[in-house]
Amino acid sequence: MAYDADVIVIGAGLAGLAATAELVDAGRKVILLDQEPEQSLGGQAHWSFGGLFLVNSPEQRRLRIRDSHALAWQDWLGTAGFDRPEDHWPRKWAEAYVDFAAGEKRSWLHRQGVRLFPVVGWAERGGYDATGHGNSVPRFHITWGTGPGLVAPFARRVRAGAARGLVELRFRHRVTGLARSAGSVDTVSGEILEPSDVERGRPSSREVAGAFELRAQAVIVTSGGIGGNHELVRANWPERLGTPPRRMLSGVPAHVDGKMLGIAEAAGGRIINRDRMWHYTEGIDNWNPIWPLHGIRILSGPSPLWLDARGKRLPVPLFPGFDTLGTLEHIMRTGHDHTWFVLTQKIIEKEFTLSGSEQNPDLTGKSIREVLGRARAGAPGPVRAFMEHGADFIVERSLTDLVRRMNELTGEPLIAEDALRGEIVARDREIAHSFTKDLQVTAIRGARKYLGDRLIRTAAPHRILDPKAGPLIAVRLNILTRKTLGGLETDLSSRVLADGGAPSPSSRLRSSRGGPIPGLYAAGEAAGFGGGGVHGYRSLEGTFLGGCLFSGRTAGRAAARAVS
């Protein structure tokens, strides 16, 4: 039987583009499949803020950030918490990825035209001990052009391959099955969906117009995770994070449904770490949604008071930007799905950024003039739009009116004004002197010692009830689905491993499962960004896009070597 291509890549997101680009460089013929229309090329990465985890970069050094491979590896291990037999390959991938982030990652991207915003962000600060979760130093590098700016060079390389006759781009091809010949996965079958001209990200038609079957020497699965499938998210919800939320927003389009993971599993691939996932706790309803239940994440500086549904401050160190899953675990044990930020106009002007390429038109459009405009008085335009139109935003001059409207929004009198006023007044007293026992105040002052935070991310400490800093603002925060941290188990060549029985009890971090499935590879979120879970239990942020690039590049190069 003749082959239709050397390699078939399933999924035209960032990992699929990276894999295809590497295959083109090696002179291999590729068919790139995606169930969505051509205007969705780039997948979830297009919508991203473009954050990249880099270690000891020139951008860090210019800001006097002293980073090192040893410090980054310490932070990764403290964050991942690898503790399962299945963590053998994820840990190997983590070692390789930190090497990449501290080595050639920046220069490799730079050669392709990727440029970085000069101020490095400090995400996931942790707040525990030196060996615990979090980034010890700022490492969150924003791509100039955000997600579209990162997708562009890989899309260019793929389209150049198509112009050379090496790549066939087949959109509206939904895979439903993988099959083997002589033991090797070489056949991909599925349905051809009717054409669709819907805007990128909007739900496209699922009407079937035909069928297809294609054959190649190797197949690479880069189909993403499960974040758009709330039923599947709840089914895999870990007990350690409490009861699954009754209501969630979606940080990804509806087509991120996880179905291809089940298809790869049916073909013999092993999925590990299903219960490891990454969801945000600062989600707000998008007043101008693109996909169903479209949520946007607030990227806040450290100053807003974070309150549970009853108006009690979250415990230390659950401040904005410190520990995403620690905060999620606490929230889900309160019996409510939502929390609140309470802040001032002075804070929102300096500290609120909204995640996503479409919420940052200045960075996405590479406009230096508009970026400099952020220094002007007033909240950024996208933030102002949410203040005016967003269902989760409340703006009032008095705390009495603020609390009344907070209770009206939830439909329950959960917050007592006297209790909340007491919390705020006590916190405000800690601002009045240079000493404090309030660790959030300590965190704010510490953040302002870093030039990047002082310039654009952290407001000068002030009393929340100071009328000159007002008006007062309350923001209801929702759980926002995002990333699958587990996935198809792969070795360091991105080959999918077979489920070959129970792991050996003799080693906590050594798997004795089956070997590689001939012809089958996986990368990106479908592979847990490498190995079936390179992040372990938690992420250091800026590692998802980089994980797609690194694992996609690895899969493309390995498949190129394997095919004749």
Side-chain angles (χ1 to χ4, degrees), residues 51 60 63-67 71 74-75 78-79 119-140 280-282 297-308 311-331 339-344 346-353 355 420 423-466 469 473-475 477 538-542:
Q60 287 175 301
L63 291 167
R64 299 179 182 178
I65 300 166
R66 298 182 63 182
D67 200 5
L71 184 61
Q74 172 182 297
D75 289 347
T79 295
V119 179
V120 183
W122 194 356
E124 288 296 300
R125 305 184 188 201
Y128 305 95
D129 59 34
T131 60
H133 168 65
N135 284 295
S136 298
V137 298
R139 296 192 179 104
F140 191 83
Y280 292 116
T281 53
E282 312 99 321
R297 184 196 180 196
I298 296 172
L299 300 172
S300 176
S303 300
L305 278 188
W306 204 337
L307 311 172
D308 67 17
K312 184 177 180 181
R313 288 177 72 179
L314 301 193
V316 173
L318 305 183
F319 312 133
F322 277 66
D323 182 358
T324 294
L325 291 194
T327 305
L328 178 58
E329 179 179 356
H330 175 79
I331 292 170
T339 57
W340 293 95
F341 277 164
V342 170
L343 61 156
T344 65
K346 187 175 179 180
I347 291 172
I348 205 170
E349 289 180 359
K350 190 75 173 274
E351 299 197 11
F352 264 32
T353 298
S355 183
L420 179 54
E423 287 271 14
I424 296 175
V425 168
R427 179 266 185 200
D428 281 358
R429 289 193 187 104
E430 298 292 308
I431 293 292
H433 51 81
S434 57
F435 302 95
T436 185
K437 66 179 180 182
D438 189 313
L439 289 183
Q440 185 172 10
V441 175
T442 299
I444 294 167
R445 290 172 176 165
R448 286 179 60 82
K449 292 181 180 179
Y450 166 48
L451 180 61
D453 276 355
R454 188 180 185 91
L455 287 174
I456 63 172
R457 291 294 291 153
T458 308
H462 61 275
R463 292 185 297 112
I464 288 176
L465 294 181
D466 182 355
I473 301 166
V475 186
L477 307 173
R538 292 189 284 196
S539 166
L540 286 171
E541 284 286 26

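Shown here for Arg463 and Ala469, the closest heavy-atom pair between the two residues is O-CB, 4.2 Å. Across all their heavy atoms, Ile444 and Pro461 have their closest contact at CG2-CG, 3.9 Å. Closest heavy-atom contact between Phe322 and Pro317: CB-O, 3.3 Å. Taking every heavy atom of both residues into account, Gly51 and Phe140 meet most closely at CA-CZ, 3.4 Å. Considering all non-hydrogen atoms of both residues, Ala447 and Asp453 come closest at O-CB, 3.2 Å.
In this structure, Asp323 contributes its side chain and Gly126 its backbone to no donor-acceptor pair below 3.5 Å. Proximity of a side-chain donor or acceptor of Gln74 to a complementary backbone N or O of Ala130 within less than 3.5 Å is detected. Asp308 places a side-chain N or O within 3.5 Å of a backbone atom of Gly311 that can act as its donor or acceptor partner. Of the possible polar contacts, none joining the Lys350 side chain to the Ala460 backbone as a donor-acceptor pair under 3.5 Å is found.
Residues Val475 and Trp340 fail the side-chain proximity criterion, which asks for heavy atoms closer than 4.5 Å. Contact of the Gln440 side chain with the Ser303 side chain is not registered, since no non-hydrogen atoms from C-beta on lie closer than 4.5 Å. In this structure, the side chains of Val137 and Arg139 come closer than 4.5 Å at one or more pairs of heavy atoms. A heavy-atom distance below 4.5 Å is not found between the side chains of Ile65 and Trp122. With contacts defined as side-chain heavy-atom distances shorter than 4.5 Å, the pair Tyr280/Leu477 does not qualify. In this structure the side chain of Thr458 reaches within 4.5 angstrom of the side chain of Pro302, judged on heavy atoms. Looking at heavy atoms from C-beta onward, Pro315 lies in side-chain contact with His330 at the 4.5 angstrom threshold. Within the 4.5 Å cutoff, the side chain of Val120 has heavy atoms near those of the Leu63 side chain.
The OG1 atom of Thr339 sits 4.0 Å away from atom CD1 of Ile331, with the distance rounded to the nearest 0.5 Å. Asp428 contributes atom CG, which lies 8.5 Å from atom CG of Asp466 (distance to the nearest 0.5 angstrom). Here the straight-line distance linking atom CG of Leu328 with atom OG1 of Thr281 works out to 7.0 Å at 0.5 Å rounding. The distance from the NZ atom of Lys346 to the CD1 atom of Ile473 is 13.5 Å, given to the nearest 0.5 Å. In this structure, the separation between OG1 on Thr79 and CG on Leu325 is 10.5 Å, given to the nearest 0.5 Å.
Donor-acceptor pairing under 3.5 Å is recorded for the side chains of Asp75 and Ser136. A donor atom on one side chain and an acceptor atom on the other are found under 3.5 Å apart for Thr324 and Glu124. Donor-acceptor pairing under 3.5 Å is lacking for the side chains of Gln60 and Arg66. Of the N and O atoms on the side chains of Asp129 and Thr131, at least one donor lies less than 3.5 Å from an acceptor on the other residue.
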Determine, stepwise, if the pair Glu430 / Thr442 fulfils side chain to side chain contact (heavy atoms under 4.5 Å, CB included). CA-CA 10 Å; Glu430 298 292 308; Thr442 299; over 6 Å; no
Side chain to side chain contact (heavy atoms under 4.5 Å, CB included) between Ile424 and Leu305, worked out: CA-CA 8 Å; Ile424 296 175; Leu305 278 188; 3.7 Å; yes
Quick one, Ile464 with Arg427, criterion side chain to side chain contact (heavy atoms under 4.5 Å, CB included). Give me CA distance, side-chain angles, the key distance, then yes/no. CA-CA 8 Å; Ile464 288 176; Arg427 179 266 185 200; 3.6 Å; yes
Determine, step by step, whether Trp306 and Thr327 satisfy the side chain to side chain contact (heavy atoms under 4.5 Å, CB included) criterion, reporting the C-alpha distance in whole Å, the side-chain angles of both residues, the deciding distance to 0.1 Å, and the verdict. CA-CA 10 Å; Trp306 204 337; Thr327 305; 3.6 Å; yes
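The aromatic rings of His133 and Tyr128 lie tilted to each other, with the angle between the two planes from 30° to 60°. Under the 30°/60° scheme for interplanar angles, the aromatic rings of Phe341 and Phe352 are found to be tilted.
Comment: Arg454 does not engage Glu351 in a salt bridge, judged by the lack of any side-chain N to carboxylate O separation of less than 4.0 angstrom.
Applying salt bridge (Lys or Arg N to Asp or Glu O under 4.0 Å) to Asp438 and the options Arg445, Arg313, Arg429 leaves one that passes, Arg313.
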